[in-house]
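Residue numbers start from 1 in every chain, and the chains themselves are labelled A, B, ... in the order their sequence lines are given, proteins ahead of strands.
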Amino acid sequence: MSVRVRYAPSPTGSPHVGNIRDALFKHLFAAHHHGTHLLRIEDTDRTRFVEGAIEDIFESLHWLGIQWQEGPDKGGAYGPYIQSERQAEGIYDRYIEQLLEAGHAYKAFDTSEELAEMREYQQINKQPIGYFGGVWRDASPEEVAQAEAEGRPFVVRLKIPRDQTIAIEDAIRGRIEWDSNTVDDPVLLKADRMPTYHFAAMVDDHLMEITHIIRGEEWISSAPKHAVLFDAFGWTRPVFVHCPVIKGKDGSKLSKRHGDTRCLDFRAAGILPEALRNFIALIGWSPGGDREILNEAELIEAFDLGGLQPSSGVFDLDKLTWMNGHYLRACTAENLTERLKVFLAHPETARYWEPRDPEKLAALHLLKEGIEKDEAYARQAIELERERVTSLADFGEATAFFFQDEPPFDEKAVEKWLRVDHAGDLIRFLQANLNGAESVSVEACEAMLRGYQEEKGFEKLGPVVHPTRVALTGKTVGPGLFELMSVLGPDRMRARLSRALERTT
RNA sequence: GGCCCGGUCGUCUAGUGGUUAGGAUGCCGCCCUUUCAAGGCGGAGGUCGCGGGUUCAAGUCCCGUCCGGGCUACCA
């Protein structure tokens, strides 16, 4: 039987990295086994629906290259793939009836006040908290009929068998057992006739022939309920795979106060999708051995359940940053420029940086204009700065001096290198050498500076290089000077040199 | 409170009874070099949560204990 797995998000918000990491695992697992990965939208809780969430789910998946073969957008033989539509078709009602008739489920007419009271009582008396039957689990048909006749609202609960051991076989942790008396009767159908997750997801998993339920470990405690449900229907249970969660630096569940957690925020921050994908694949999973950098194909090839880790992992932004730099350097300048164009044009980029770092955003605008004005020139600048950045968002500041007619002077740099005795002479020398030239090669630039060094008898190139760099860029750091000069070209250099000359005395 | 899961350098991890406990990141240093990076090389960092046991031999198996986390909704 071929592998079938599903990513089944609820449209309650934009997917965060932990959630999307699970989706990545499913895609990788399905692809590895030439199986099917399907997307199912679990929108049974109307009250928590968030506008735009579904769009963000698709977008996050697309961006990271997570694929699926069946879903609301693609169709498939097991549709519909949206639970509210399935509910409307009466799918869940049919199975509820079946359970009710077989005596595996029952109607419970408790009010929310009664339920709250019950929990309070249990808490005070230090009893296990939950619904273990109340008056309705074993109510007579007459009592139920009467309550129904009165039109009292009710829910349908699953009758968890008592005095038994419920066990599941988890692919990562092995056998996990519960005393069935500690498992309460979950609601299957809510008073508004909508199914709960427990019910809808399991029915759908069966109908869609899901072979492996891959989900976060926060579901472990619900697993016995799901197992009982499968057994009640006489269905074969899928393999349960409970993945470890991703935590923040302080060890608690990843949340907003740990910084970015929304998948699409990383895109806006300038992270490359292949970097984020590679990075999150390695939290809670390992290909074994020392391998760390894996592309899409390698991930698929290497992915198996055996590499999944039982313990949760911390999201280490430093390492993601490093990995992003690695992938940035692996791009060609052409490719990088194309990615930058998309990045700079995306409205989320500005929305992301505006409140965090307006200066960075301004530099990004400068780069955007630079690319629009002269893409070939911009590409050379990008090429030269590529080794000095760790995210797409760094390119603005890194390349700024290429695009500014008058890049601001770092006053300390001026103090140190433009106030040396020979600075004025050096600049005049360069001006003379550049006179009339239309372009200048890297080699010519080097020859020019070395010529001056020799002429003046400097032992090292530093006294020539540093003042030139400050004169041309305003800074003491940056790409190789000869390369930078060649890219800048004679015109820009002439303008900057004469401006710098005024600062030499 | 109850039930369940977890625990190897700060962090991600390799490890399936015999290793000087390996790699990566981060940190420090050296090399390269016109600066900053990148790259190369090296260093510090682990009593494998703790305590018992089993065994000639335990990070690896067993028990206990501590700590962390999850669930405990007519949310998923």
Can you tell me the pairing partner of B/U60 across any strand shown, Watson-Crick or G-U wobble, with both distances under 3.5 angstrom?
none
Is A/Asp184 paired with A/Lys225 through a side-chain N to carboxylate O contact shorter than 4.0 Å?
yes
Does the structure show a Watson-Crick or G-U wobble partner for B/C48, both distances under 3.5 Å? Name it, or say none.
none
Residues A/Glu217 and A/Arg173 bridged, charged N to O under 4.0 Å
yes
Base versus backbone protein contacts along nucleotides 27-46 of chain B [heavy-atom cut-off under 4.0 Å; B, S, -]
-------BBBBSS-------
Pick the C1' atom in B/U11 and in B/C27, then give their distance to the nearest Å.
12 Å
Check RNA chain B against residues 168-177 of chain A and give the residues with a non-hydrogen atom under 4.0 Å, in numerical order.
A/Arg173, A/Ile176, A/Glu177
Hey, mind stepping through A/Glu397 and A/Arg388 against salt bridge (Lys or Arg N to Asp or Glu O under 4.0 Å) and telling me if it holds?
CA-CA 11 Å; A/Glu397 288 148 327; A/Arg388 264 157 293 273; over 6 Å; no
Looking at A/Phe402, is A/Arg496 sitting on its ring face, NZ or CZ under 6.0 Å from the six-membered ring centre and within 45 degrees of the normal?
no
Under a 4.0 Å threshold between the charged nitrogen and the carboxylate oxygen, would A/Arg40 count as salt-bridged to A/Asp205?
yes
Which whole-number value in Å describes the distance from A/Lys126 NZ to B/C3 P?
13 Å
Quick test of your reading of the model: are A/Arg193 and A/Asp93 salt-bridged, counting only N-O distances below 4.0 Å?
no
Expressed as a whole number of Å, how far does the P atom of B/G52 sit from that of B/G59?
14 Å
CD1-CG distance between A/Ile20 and A/Leu276, expressed to the nearest 0.5 angstrom
9.0 Å
Figure out the CG/P separation between A/Asp250 and B/G10, and round it to whole Å.
17 Å
Do the rings of A/Trp417 and A/His466 sit parallel, tilted or perpendicular, given the 30° and 60° boundaries?
tilted
Residues A/Glu274, A/Arg277: salt bridge by 4.0 Å N-O rule:
no
Between A/Glu415 and A/Lys412, does any NZ, NE, NH1 or NH2 come within less than 4.0 Å of an OD or OE carboxylate oxygen?
no
Between the side chains of A/Asp185 and A/Lys159, is the shortest nitrogen-to-carboxylate-oxygen separation below 4.0 Å, so that they form an ion pair?
no
Could you grab the distance from atom CZ of A/Arg492 to atom CG of A/Leu434, nearest 0.5 Å is fine?
13.0 Å
Which base sits across from B/C67 as a Watson-Crick or G-U pair, both distances under 3.5 Å?
B/G6
Between the protein and nucleotides 70-76 of chain B, which nitrogen or oxygen pairs come in under 3.5 angstrom?
residue : atom : partner  : partner atom : Å
B/C71   : O4'  : A/Ser221 : OG           : 3.2
B/C71   : O2'  : A/Ser221 : OG           : 3.2
B/U72   : O2'  : A/Ile129 : O            : 2.9
B/A73   : OP2  : A/Arg119 : NE           : 3.2
B/C74   : OP1  : A/Arg119 : NH2          : 3.3
B/C74   : OP2  : A/Arg157 : NH2          : 3.4
B/C74   : O2   : A/Ala191 : N            : 2.7
B/C74   : N4   : A/Asp110 : O            : 3.3
B/C75   : OP2  : A/Lys190 : NZ           : 3.0
B/C75   : O2'  : A/Asp45  : OD2          : 2.9
B/C75   : O2'  : A/Arg48  : NE           : 3.1
B/C75   : O2'  : A/Arg48  : NH2          : 3.3
B/C75   : O2   : A/Arg48  : NH1          : 3.3
B/C75   : O2   : A/Arg48  : NH2          : 3.3
B/A76   : OP1  : A/Thr44  : OG1          : 3.0
B/A76   : OP1  : A/Lys190 : NZ           : 3.1
B/A76   : OP2  : A/Tyr197 : N            : 3.1
B/A76   : O3'  : A/Ser10  : OG           : 2.6
B/A76   : O3'  : A/Glu42  : OE1          : 3.3
B/A76   : O2'  : A/Ser10  : OG           : 3.0

Partner nucleotide, any strand, of B/A73 [Watson-Crick/G-U, under 3.5 Å]
none
Check: protein-nucleotides 11-15 of chain B nitrogen or oxygen pairs below 3.5 Å:
residue : atom : partner  : partner atom : Å
B/C12   : OP1  : A/Val314 : N            : 2.9
B/C12   : O2'  : A/Leu282 : O            : 3.1
B/C12   : O2   : A/Lys319 : NZ           : 3.4
B/U13   : OP1  : A/Gly284 : N            : 2.3
B/A14   : OP2  : A/Gln309 : OE1          : 3.1

Should the pair A/Arg137 and A/Phe132 be classed as cation-pi, given the thresholds of under 6.0 Å to the six-membered ring centre and 45° from the axis?
no
B/C36 versus B/G18 - spacing of their P atoms, nearest Å:
47 Å
Identify each atom pair where a protein N or O and an N or O of nucleotides 61-66 of chain B are less than 3.5 Å apart, giving names and distance.
none

Show which side-chain atoms of residues 118-128 of chain A pair as donor or acceptor with protein atoms under 3.5 Å away, not counting sequence neighbours.
residue  : atom : partner  : partner atom : Å
A/Gln122 : OE1  : A/Gly130 : N            : 3.1
A/Gln122 : NE2  : A/Gly130 : O            : 2.9
A/Asn125 : ND2  : A/Tyr121 : O            : 2.8

Pair assignment for B/U19, Watson-Crick or G-U wobble, requiring both distances under 3.5 Å:
none
Expressed in whole Å, how much space separates the C1' atoms belonging to B/C12 and B/C56?
36 Å
Check the orientation of A/Phe25 and A/Phe303. Use parallel for under 30°, tilted for 30 to 60°, and perpendicular for over 60°.
tilted
Could you give the distance separating B/G17 and B/C9 at their C1' atoms, to the nearest angstrom?
23 Å
Any donor-acceptor N or O pair under 3.5 Å, side chains A/Asn433, A/Tyr452
no
